[in-house]
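Quick caveat, the model's predicted, so the values are computed rather than measured.
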Amino acid sequence: MKMTKRFLTVLSALATSLVLAACGGGGGDTSAGTTEAAADPSAAATNAEGGAAFGDDGVLQVGTDATIGLPWTSLAEGQSEIEGLDPDIATAVAEELGMEVEFVNVGFDTLIPGLESQRIDMIASAMLDTEVRREQVDFVDYLVTGSGMLVRAEGAPDVNVLADLCGLPVAVLRGSAEEAAAQETNEGDCSDDPIDVQVFPSFANATTALQSGRVEVALGDPAQWAYLANAQPDVFKAVGEVFNAGKVGLGVRKDSGAAQSIRDALQAVIDSGRYEEILSEYGLNDNGVEEATINDGTSE
């Protein structure tokens, strides 16, 4: 049975304050849209040990970058609600915690600063669990994925691995694992003919640059690239070997105690069968995990 997709109100004013805080400023009114997850939100403190790490208001504030696009997280038609795998997973976890959920739509590179400043409680935004990020964030891993390449359907360069990108203009998302991988390749295989790494604030900007010919390749999540290529086969094509293979995680503040709460809630979602239903809706069953784990991502 296909599960009904949840659409959640975007907290645009709160998102603005988060972005300003990341840039050194802040302020403004905050409006909140919530999705009820349980009749007794205070149950979050008793359902799991780390519930107190989210505060005592019974609301789980989840940061996501809705410009990433489906299947991960995207603004729905009308630009006022969020849909996708990440919102569905986060909502299911919040319900297991007995909490309401609020989504904050911000740029990908402001998610970790927002978490550290306690403006959000959790990240749900296709974020790879990497060793570098684990210095600042605890991850509860919920999907296996990696990084891949997207090119135009016609007239694209023949590329398969990162070393094939030497000398080419390539789009990456600011603060992403792909940006780090491209820069590392420039220090190694492409040191004599560096990749022209062009950093974009959103995947929408990156794919627009690819379609227009400003860049020849866009680096990002292979599941998303496959989703996009299937939707627009005359425009885009997913190519190359997967790199940065690892797990995507829900991020919480480092050593806050929240990770165990989220892990237990996610495991309950897995055991109930709801997790499989969510993955099925986005065609990602092959990327699922049987057990929720903490900080079980890559070593890079």
Practice task
Check step by step if salt bridge (charged side-chain N to carboxylate O under 4.0 Å, His left out) holds for R274 and E95.
Solution key: CA-CA 12 Å; R274 184 174 178 184; E95 289 178 351; 2.4 Å; yes
Problem - Pair E154 + K237, salt bridge at N-O below 4.0 Å - result: no
Problem - Interatomic distance, E178 atom CD to S176 atom OG [nearest 0.5 angstrom] - result: 4.5 Å
Practice task
Would you check if the side chain of D86 reaches a backbone N or O of A126 as a donor-acceptor pair within less than 3.5 Å?
Solution key: yes
Practice task
Please check if the side chain of N186 supplies one atom and the backbone of S191 the other of a donor-acceptor pair under 3.5 Å.
Solution key: no
Exercise for the section: Ignoring hydrogens and angles, tell me if any N or O in the side chain of S125 forms a donor-acceptor pair with the backbone of D65 under 3.5 Å. Expected result: yes
Handout entry: R263 side chain vs V140 backbone, donor-acceptor pair below 3.5 Å
Key = no
Problem - Any donor-acceptor pair under 3.5 Å from R152 side chain to L210 backbone - result: yes
Problem - Donor on one side chain, acceptor on other, N244 and S147, under 3.5 Å - result: yes
Practice task
Output every pair passing disulfide (SG to SG under 2.5 Å) with a member in residues 198-242, not counting sequence neighbours, ordered by first then second residue.
Solution key: none
Exercise for the section: Give a yes or no answer on whether the side chain of N105 reaches the backbone of A66 with a donor-acceptor pair at less than 3.5 Å. Expected result: yes
Completion exercise
residues 153-185 vs disulfide (SG to SG under 2.5 Å), sequence neighbours excluded, gives C166-C190
Problem - Rounded distance [0.5 Å steps], OG in S280 versus CD1 in I278 - result: 10.0 Å
Handout entry: Modelled atom types, side-chain donor and acceptor of T145 and D221, under 3.5 Å
Key = yes
Practice task
Check for a donor-acceptor pair, side chain of D121 on one end and backbone N or O of L60 on the other, with a separation under 3.5 Å.
Solution key: no
Practice task
Check whether any side-chain N or O of E179 sits under 3.5 Å from a backbone N or O of R174 as a donor-acceptor pair, and report yes or no.
Solution key: no
Practice task
Using modelled atom types only, decide if a donor and an acceptor are shared between the side chain of D141 and the backbone of I294 within a distance under 3.5 Å.
Solution key: no
Completion exercise
Exactly one of L143, L70, V248 clears side-chain contact (heavy atoms from CB on, under 4.5 Å) with L85, and that residue is L143
Handout entry: Backbone of Y142 reached by a side-chain donor or acceptor of Y275 within 3.5 Å
Key = yes
Problem - Pair D129-K247, salt bridge (charged side-chain N to carboxylate O under 4.0 Å, His left out): steps then yes or no - result: CA-CA 6 Å; D129 172 359; K247 293 183 176 181; over 6 Å; no
